[in-house]
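Working notes, structure below.
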Amino acid sequence: MASVFEEKNLSKAIMRVGLPAMLGQLTTLIYNIADTFFISLTKEPAMIAAVTLCTPLLLIIMSIASIFGMGGSSVIARLLGEEKKEESGTTMNFCTYAMVIAGIITLALGLAFLQLLAKLSGADADNITYTCNYLKWIFIGAPFIMLANGFVHLFRSVGLIKESTIGLVLGNLINMIFDYVFIAILGWGTAGAALATSLGFVCATIYYIICMFREERKKNQLVPLTPKRFSPNAAIIRNVVSIGIPGALITVLMSVSNIVLNNYISIYGSDAVASYGIAYKLDMVPILLSVGLSQGVAPLVGYCYGGNKKKRMSDIMKYTILYGVFMGAIFTAVFILFGKQLAAIFLQNNLLIEQTGDFLKILCLSAPMLGVINMMTSYFQALGKAVKSLTITVLRNAVLFIPGVIILNYFWKLNGVIAALPVVEAILTIICIAMYIQDTNSNSK
């Protein structure tokens, strides 16, 4: 544990926890792009649109896992900083079984309200069949989607960083293989894409459970899997949920804002939704790398906070933000210069390629700002300051974004809708910096 969280060289410490998380997010991104690529081979914009419309619901399923994954991770990291290993293990055990129960409930409710959820996502007569085909297999795989996503965070918090990354990479690689088989060879379309996704998470979950059995045999008290250790007290449940629910609401509100955005874009037709879907998938490269960096560093920040190492924590924040801003700036330059060439990988229609390239140039303007926003969100989660983390999310996805989409659509139509994201994130970056300065000043008193 000390070799990971007490590395003296700050840059090396950040890279040791951040790079594996970024690698894991990168493979998730590659799977997303592969998913879109194989669907695009059908040359059916309605299928591409259906996958785009389903993405927010998939994120909501993952967000339920965040209640126990990110919430548990924050609590465990701080407990370890306080050298409370027994309580850390009990928290890990509780989170594991809670995710199983939540996954089964989501499966049942999702299948029961399948058509309604498809329509709420923005599906129309052109793509509702494809949308329902995708959602059915996603909900069937919901318990495994939750476990795999939750374990990624929980494993990092107990120092199993390599295992966390391997499970994520393994699931995504299997997903891509099945994408090729189910879509390119068998021609199952959106149903094949969703089945491949669920099977990838099944394999990742199996790997994580094997790792937990191995750690239990090693007498690692931080990773207990046996039901005999399922003995959470009110304090553990309260601590996990108080951080986890705001953490989950981050993704839920993001999904709601995406649903609103998709509904506005769908006003301009399936081609517009398809173009945005491709542009957004490409823009997910800097987004997910930034998320990976901030989430990977979060347990390190929580460990320092629990151990009252404020100077080290402050330096880690500064270095991580600088790395994130620099990385985002590089992607902005690449997308502005080569946006249309990248769009041509997925599309054959010249008008769609032109439109997708233009969308990407607008979306990518927010990439450097992600280094600040995502790290601030992870910072407050790591410290257990759920209200401040949630405040950033509510501002980003509700208070600023939804009115922004409505206003910009009124003045500049489709391009205005696309521009809402970078406009909002520019404003939010200033707010995040102010919140961080205020928090550090109050902590130093």
Side-chain angles (χ1 to χ4, degrees), residues 15 18-19 22-41 43 45 48-49 51-52 55 176 258 261-262 265 268 271-294 320-375 396 401 404-405 408 412-430:
M15 291 300 104
L19 283 177
M22 292 169 70
L23 174 62
Q25 292 291 345
L26 185 60
T27 60
T28 299
L29 174 69
I30 292 170
Y31 125 67
N32 270 291
I33 291 176
D35 209 31
T36 304
F37 173 75
F38 286 120
I39 287 292
S40 72
L41 294 179
K43 299 182 180 179
I48 301 174
V51 174
T52 302
T55 299
M176 285 186 280
N258 278 333
L261 183 63
N262 287 335
I265 295 174
Y268 302 96
D271 283 357
V273 177
S275 288
Y276 169 73
I278 299 294
Y280 185 67
K281 285 289 174 71
L282 290 168
D283 194 48
M284 287 292 285
V285 178
I287 291 174
L288 288 181
L289 286 176
S290 175
V291 168
L293 178 62
S294 61
T320 306
I321 289 171
L322 285 173
Y323 294 153
V325 171
F326 180 70
M327 178 174 64
I330 292 174
F331 278 103
T332 297
V334 170
F335 288 157
I336 288 174
L337 293 173
F338 304 107
K340 290 173 185 174
Q341 291 89 328
L342 291 169
I345 297 172
F346 304 93
L347 299 164
Q348 290 78 40
N349 184 296
N350 287 332
L351 289 176
L352 286 181
I353 291 171
E354 188 82 16
Q355 182 173 246
T356 302
D358 290 340
F359 286 176
L360 184 58
K361 288 178 182 178
I362 297 171
L363 289 173
C364 74
L365 295 176
S366 63
M369 296 175 272
L370 296 173
V372 177
I373 297 170
N374 288 332
M375 196 59 228
R396 186 183 203 174
F401 184 75
V405 169
L408 293 174
W412 290 290
K413 304 301 179 186
L414 182 56
N415 283 336
V417 174
I418 304 300
L421 187 63
V423 169
V424 164
E425 295 197 336
I427 298 169
L428 189 60
T429 298
I430 298 170

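- Contact annotation: the side chain of Thr320 never approaches that of Ser294 to less than 4.5 Å [non-hydrogen atoms, C-beta and beyond].
- For Ala343 against Gly357, the heavy-atom pair with the smallest separation is CB-N, 4.3 Å.
- Summarising the geometry of Ser366 relative to Pro422, their closest heavy-atom pair is CB-CA, 3.8 Å, with the distance given to 0.1 Å.
- Contact check for Ile345 versus Leu342: side-chain heavy atoms found under the 4.5 Å cut-off.
- Taking all atoms of both residues into account, the shortest heavy-atom contact from Ala419 to Ile362 is CA-CG2, 3.5 Å.
- Taken from CG in Asp283 to CG in Leu360, the straight-line distance is 6.0 Å, to the nearest 0.5 Å.
- For the atom pair CG (Asn415) and NZ (Lys361), the distance works out to 12.0 Å, reported to the nearest 0.5 Å.
- Rounded to the nearest 0.5 angstrom, Leu19 CG and Met15 CE are separated by 5.0 Å.
- In this structure the side chain of Phe401 reaches within 4.5 angstrom of the side chain of Leu261, judged on heavy atoms.
- Between the CG atom in Leu421 and the CG atom in Leu363 there is a gap of 6.0 Å [rounded to 0.5 Å].
- Counting only heavy atoms from C-beta outward, the side chains of Leu365 and Ile336 approach each other to under 4.5 Å.
- Nearest heavy atom pair, residue Ile265 against residue Val417, reads CG1-CG1, 3.9 Å.
- The closest side-chain heavy-atom distance from Phe331 to Leu289 is below 4.5 Å.
- Counting heavy atoms from C-beta on, the side chains of Phe346 and Leu282 come closer than 4.5 Å.
- Side-chain contact between Tyr276 and Thr356 is absent, with no heavy-atom pair separated by less than 4.5 Å.
- With hydrogens and angles disregarded, a donor-acceptor distance shorter than 3.5 Å links the side chain of Thr332 to the backbone of Cys364.
- Looking at Ser290, its side chain does come within 3.5 Å of a backbone N or O of Leu370 through a donor-acceptor pair.
- Atoms CG and NZ, from Leu288 and Lys281 in turn, are 10.5 Å apart once rounded to the nearest 0.5 Å.
- Residues Asp358 and Lys340 meet the side-chain proximity criterion, which asks for heavy atoms closer than 4.5 Å.
- For the residue pair Met22 and Leu293, the shortest heavy atom distance occurs at CG-N, 3.4 Å.
- The nearest pair of heavy atoms linking Ala420 to Leu408 is CA-CD1, 3.5 Å.
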Quiz item: Could you walk me through whether Ile278 and Phe359 pass the side-chain contact (heavy atoms from CB on, under 4.5 Å) check?
Solution: CA-CA 9 Å; Ile278 299 294; Phe359 286 176; over 6 Å; no

Practice problem: Quick one: do Gln355 and Leu347 satisfy side-chain contact (heavy atoms from CB on, under 4.5 Å)? Show the steps, please. | Solution: CA-CA 11 Å; Gln355 182 173 246; Leu347 299 164; over 6 Å; no

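- Remark: Asp271 CG to Leu351 CG distance equals 9.0 Å, nearest 0.5 Å.
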